[in-house]
Student: 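After the structure tokens below, expect a handful of questions from me.
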Amino acid sequence: MIFLTFLTAIGLSGVAGYYSVIGLAAIFPGSFWPVIFMGSVLEVSKLVTVSWLYNNWKECPFLIKSYLCAAVTILMLITSMGIFGFLSKAHLEHSSDNAPLVNKISILDERIKIEKEKVDANRKILKQYDEIVDQTMGRTTDEKGTDKAQAIRRSQQKERSRILQEINQSQASLAKYSEERAPLSNELKKTEADFGPIKYIAALLYNQTVDVDLIDKAVRVVILLIIVVFDPLAILLLIAANMSMRKPESLKPVVKETKMEDIDIPVFVPKDDSIHVDKDNVTNIVIDEATGESIPPIGVNKKLKPKYDYSEPFSFKENK
């Protein structure tokens, strides 16, 4: 578990550092490689500072400790700023891919709108001409009224022909613009499919019709949430790994040396002194107070002396 925690902390810090360095280079594009080098050194320094502070917290002077803590905090903010720049750049690049399509479609939509207005205006004029003829016919019941209405229609004929011609031209233009717009619209829908998740997030956050501004706001909210748990989590995991590697003093076994004379060890000594115990030559005994176990005494010399003398066969002579 210690290795897994340490590996996760290093991996998370490495990814955060990579995003941060690339983001800082995007913020300062004029000095790309110097910014890359500077950001990389700062990221490594931050991790080393955190580990050193944890392991030397009690021995470190207050001023040095205060400065290092402030430096780590500022470096975390810089890392978060770099991550924000990296993710924002990725979003803007993807959005810029749609900009040409959006502009072309907007121009075509404007032209389609103009042609539709022309058609509506010309149809309105034709309707007015028809109303004039109808009113003339309605106000009379003799042949003179009918002739007058026909005369009015003949006088409108040239204008009607011009208006009908404009309507036909406008309709032809509408068909042309719609045909040009169709493939662009399909391509735009395919590219906008990538914005589907963020659109749902924006709708959930703001509870209104989603537009480009709301999508940008939702992206910023998501990026801020990522920043909150990115670099701070890496630093805390690194501290946790250091805590796991440093075993608490209370868990270490307590070893105490105890002399032989301090322990009452029962020793069996027969009456004939066949077993001899030399307590002066007994070495110290090591006892683990945590477990209560002890190592058997070393130095008990057992001198066995036979009772009979077997130098002569079948003599059964006792030794003196």
Student: Do you reckon L42 sits in the same ILVMFWY cluster as V21, going by side-chain contacts under 4.5 Å, direct or chained?
Tutor: no
Student: Taking K65 for its side chain and L53 for its backbone only, find out whether a donor-acceptor pair lies under 3.5 Å.
Tutor: no
Student: Quick one: pull up CD1 in I167 and CG in N122 and give me the separation to the nearest 0.5 Å.
Tutor: 5.0 Å
Student: Under a 4.5 Å cut-off applied to non-hydrogen side-chain atoms, are F62 and S66 in contact?
Tutor: yes
Student: Scan side-chain atoms only and decide if E43 and T79 contain a donor-acceptor pair under the 3.5 Å cut-off.
Tutor: yes
Student: Tracing side-chain links under 4.5 Å among I, L, V, M, F, W and Y, which residues wind up in one group with I114?
Tutor: none
Student: Walk me through whether F32 and L24 qualify under side chain to side chain contact (heavy atoms under 4.5 Å, CB included).
Tutor: CA-CA 9 Å; F32 182 80; L24 290 175; over 6 Å; no
Student: May I ask whether I83 and I78 are part of the same hydrophobic cluster, defined by side-chain heavy atoms of I, L, V, M, F, W, Y residues being less than 4.5 angstrom apart, directly or through others?
Tutor: no
Student: Which heavy atom of L47 sits nearest a heavy atom of I235, and at what distance?
Tutor: CD2-CD1, 4.1 Å
Student: Starting at OG1 of T5, measure out to CG of N242 and round the result to the nearest 0.5 Å.
Tutor: 11.0 Å
Student: Is it the case that the side chain of S20 and the backbone of A16 share a donor-acceptor pair, with hydrogens and angles ignored and the cut-off at 3.5 Å?
Tutor: no
Student: Apply the side-chain hydrogen bond (donor to acceptor under 3.5 Å, both in side chains) test between E159 and each candidate in Q157, Q156, R162; give the one that qualifies.
Tutor: R162
Student: Heavy-atom count around E59 CD within 6.0 Å, excluding the residue itself: above 12?
Tutor: yes
Student: Group every Ile, Leu, Val, Met, Phe, Trp and Tyr by side-chain heavy-atom contacts under 4.5 Å, then state whether L12 and M81 land in the same group.
Tutor: no
Student: Would you indicate whether the side-chain heavy atoms of K176 and E180 approach each other to under 4.5 Å?
Tutor: yes
Student: Starting at CG of L68, measure out to CG of L75 and round the result to the nearest 0.5 Å.
Tutor: 10.5 Å
Student: Closest approach of H91 and V219, non-hydrogen atoms and distance?
Tutor: CE1-CG2, 3.5 Å
Student: At their closest point, which heavy atom of S45 faces which heavy atom of T49, and how far apart are they?
Tutor: O-OG1, 2.6 Å
Student: Within the structure provided, determine whether L237 and F6 are in side-chain contact (heavy-atom separation under 4.5 Å).
Tutor: no
Student: Any salt bridge between D130 and R160, counting N to O under 4.0 Å?
Tutor: yes
Student: When rounded to the nearest 0.5 angstrom, what distance separates NZ in K116 from CG in D109?
Tutor: 9.0 Å
Student: Under 4.5 Å between side-chain heavy atoms, counting indirect links through other Ile/Leu/Val/Met/Phe/Trp/Tyr residues: same cluster for M38 and Y18 or not?
Tutor: no
Student: Is the closest side-chain heavy-atom distance between K89 and I27 below 4.5 Å?
Tutor: no
Student: Side-chain atoms of residues 222-234: list all donor-acceptor pairs with protein atoms under 3.5 Å, sequence neighbours left out, distances to 0.1 Å.
Tutor:
{"from": "D231", "atom 1": "OD1", "to": "K46", "atom 2": "NZ", "distance (Å)": "2.7"}
{"from": "D231", "atom 1": "OD2", "to": "K46", "atom 2": "NZ", "distance (Å)": "2.8"}

Student: Passes side chain to side chain contact (heavy atoms under 4.5 Å, CB included), L126 versus L164? Steps please.
Tutor: CA-CA 9 Å; L126 290 178; L164 290 174; 3.6 Å; yes
Student: To the nearest 0.5 Å, tell me how far Q171 CD sits from E166 CD.
Tutor: 12.0 Å
Student: Is there a side-chain contact between F3 and T8, using heavy atoms and a 4.5 Å cut-off?
Tutor: no
Student: Less than 4.5 Å apart, side chain to side chain, heavy atoms only: is that true for I215 and I201?
Tutor: no
Student: Treating Ile, Leu, Val, Met, Phe, Trp and Tyr as nodes and any side-chain heavy-atom pair under 4.5 angstrom as an edge, say whether L236 and I74 lie in one connected cluster.
Tutor: no
Student: For the SG atom of C60 and the OH atom of Y54, what is their distance to the nearest 0.5 Å?
Tutor: 15.0 Å
